[in-house]
J.: 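Sharing a structure below in structure tokens format, with a few things to ask.
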Amino acid sequence: MSLSKRLKRSDATPDLVRLERRLFLRNSLSLGALAMLTGCDLTDGDAVDKVLWAMSRWNDRVQAWLFDPDRLAPTYAESDITKPFPFNAFYAIDDVPDIDGGDWQLEVSGLVQDKSPWTLERLRTLPQQSQITRHICIEGWSAIGQWSGVPFRTFLERIGADLRARYVGFKCADRYYSSLDMATALHPQTILALDYGKDPLPPEYGFPLKLRVPTKLGFKNPKHIAALFVTNDNPGGYWEDQGYNWYSGS
Ligand SMILES: Nc1nc2c(c(=O)[nH]1)N[C@H]1C(S)=C(S)[C@@H](COP(=O)(O)O)O[C@H]1N2
Ligand SMILES: [Mo]
């Protein structure tokens, strides 16, 4: 099958194909030019996928290089908050995990000195910070919300994380998983959020703990976090491993 047919057929590796198609259009890189650049037989699906994945990895590196650790995402007034704030997950709202905050513990592992788990009570003893920012979902909607919690840098310093390591990975109670580059993990607006608005996170927005990262697209904001780890091996993610660009700055 030709590449243009593959690009039109949304069931063949759909996410990566759709994403990279947008990339082609934006950068007006024609399919012919791609064929010439790569010397790749565009009828060979596996070879084409390899090229697209390589382009996406290259795109990660360029975005990481462009990332300014001091540049803040826009913040908003309380009156700008979207009501009701949308729910989104890879399942319907009825399947949101039912987590007992009393039993819950955050597991910590990898390149950190202190691997002791964290209860909600203990997380609340750390300094807290609040933000009103815009959440942007790759599916084409955005909404403004207010989240509060522990600045992630404070948390990483507190557990003695190796801040020169490359990645922080997250495992969630609903089998979702994701990961961040260390520069974004240390950004001043990246927080381990315990509250939505004035109250503890409700189940649909990620009780008991979610990572709020206003410099990334929504899918890089894991909810219902159960464990996190510091590593030099890219842990990937639920959507990232299906072809969504890993870096996905917003
Ligand atoms: N654990 C978990 N986290 C997740 C998801 C999910 O399905 N499970 N979906 C992601 C996506 S695609 C979006 S847009 C946001 C939605 O967050 P919200 O429900 O607070 O709007 O959560 C992100 N984090
Ligand atoms: Mo999303």
J.: Identify each donor-acceptor pair in which a side-chain atom of residues 91-104 lies under 3.5 Å from a protein atom, sequence neighbours left out, and give them as a table.
T.:
residue	atom	partner	partner atom	Å
Y91	OH	D174	OD2	2.5
D100	OD1	G102	N	2.8
W104	NE1	I225	O	3.1

J.: According to side-chain hydrogen bond (donor to acceptor under 3.5 Å, both in side chains), who are the partners of N88, at least two apart in sequence or on a separate chain?
T.: none

J.: Determine all donor-acceptor pairs shorter than 3.5 Å in which one atom belongs to a side chain in residues 107-114; sequence neighbours excluded.
T.:
residue	atom	partner	partner atom	Å
D114	OD1	S116	N	2.9
D114	OD1	S116	OG	2.8

J.: Below 30° counts as parallel, above 60° as perpendicular, anything between as tilted: where do the rings of Y247 and F67 land?
T.: perpendicular

J.: Tell me whether the centres of the aromatic rings in F85 and Y205 are closer together than 6.0 Å.
T.: yes

J.: Begin from the C-alpha positions of H187 and D70 and carry the test side-chain contact (heavy atoms from CB on, under 4.5 Å) through to its verdict.
T.: CA-CA 7 Å; H187 185 273; D70 298 322; over 6 Å; no

J.: Is it the case that E121 and T119 place a side-chain donor and acceptor less than 3.5 Å from each other?
T.: no

J.: Check whether more than 12 heavy atoms from other residues, nucleotides or ligands sit under 6.0 Å from atom CZ of R57, and answer yes or no.
T.: yes

J.: On the six-membered ring of F229, is K171 placed so that its NZ or CZ lies under 6.0 angstrom from the centre and within 45° of the ring axis?
T.: yes

J.: Let me check something: any side-chain donor-acceptor pairs from residues 138-167 under 3.5 Å, sequence neighbours excluded? List them with distances.
T.:
residue	atom	partner	partner atom	Å
S142	OG	R134	NH1	2.8
Q146	NE2	S130	OG	3.1
S148	OG	S130	OG	3.0
R153	NE	L186	O	3.3
D162	OD1	R164	N	2.9
D162	OD1	R164	NE	3.4

J.: Let me confirm one number: the CD-OH distance from E204 to Y196, rounded to the nearest 0.5 Å.
T.: 10.0 Å

J.: side-chain hydrogen bond (donor to acceptor under 3.5 Å, both in side chains) with N234: which residues, sequence neighbours excluded?
T.: W246

J.: Distance from L209 atom CG to I191 atom CD1, nearest 0.5 Å?
T.: 10.0 Å

J.: To the nearest 0.5 Å, what is the distance between NZ (K216) and CG (L211)?
T.: 11.0 Å

J.: Enter the distance from S179:OG to F170:CZ here, rounded to the nearest 0.5 Å.
T.: 8.5 Å

J.: Between the side chains of R61 and D181, is the shortest nitrogen-to-carboxylate-oxygen separation below 4.0 Å, so that they form an ion pair?
T.: no

J.: Not counting sequence neighbours, list each pair that qualifies as a salt bridge (Lys or Arg N to Asp or Glu O under 4.0 Å) and has a residue in residues 218-227.
T.: K220-E240

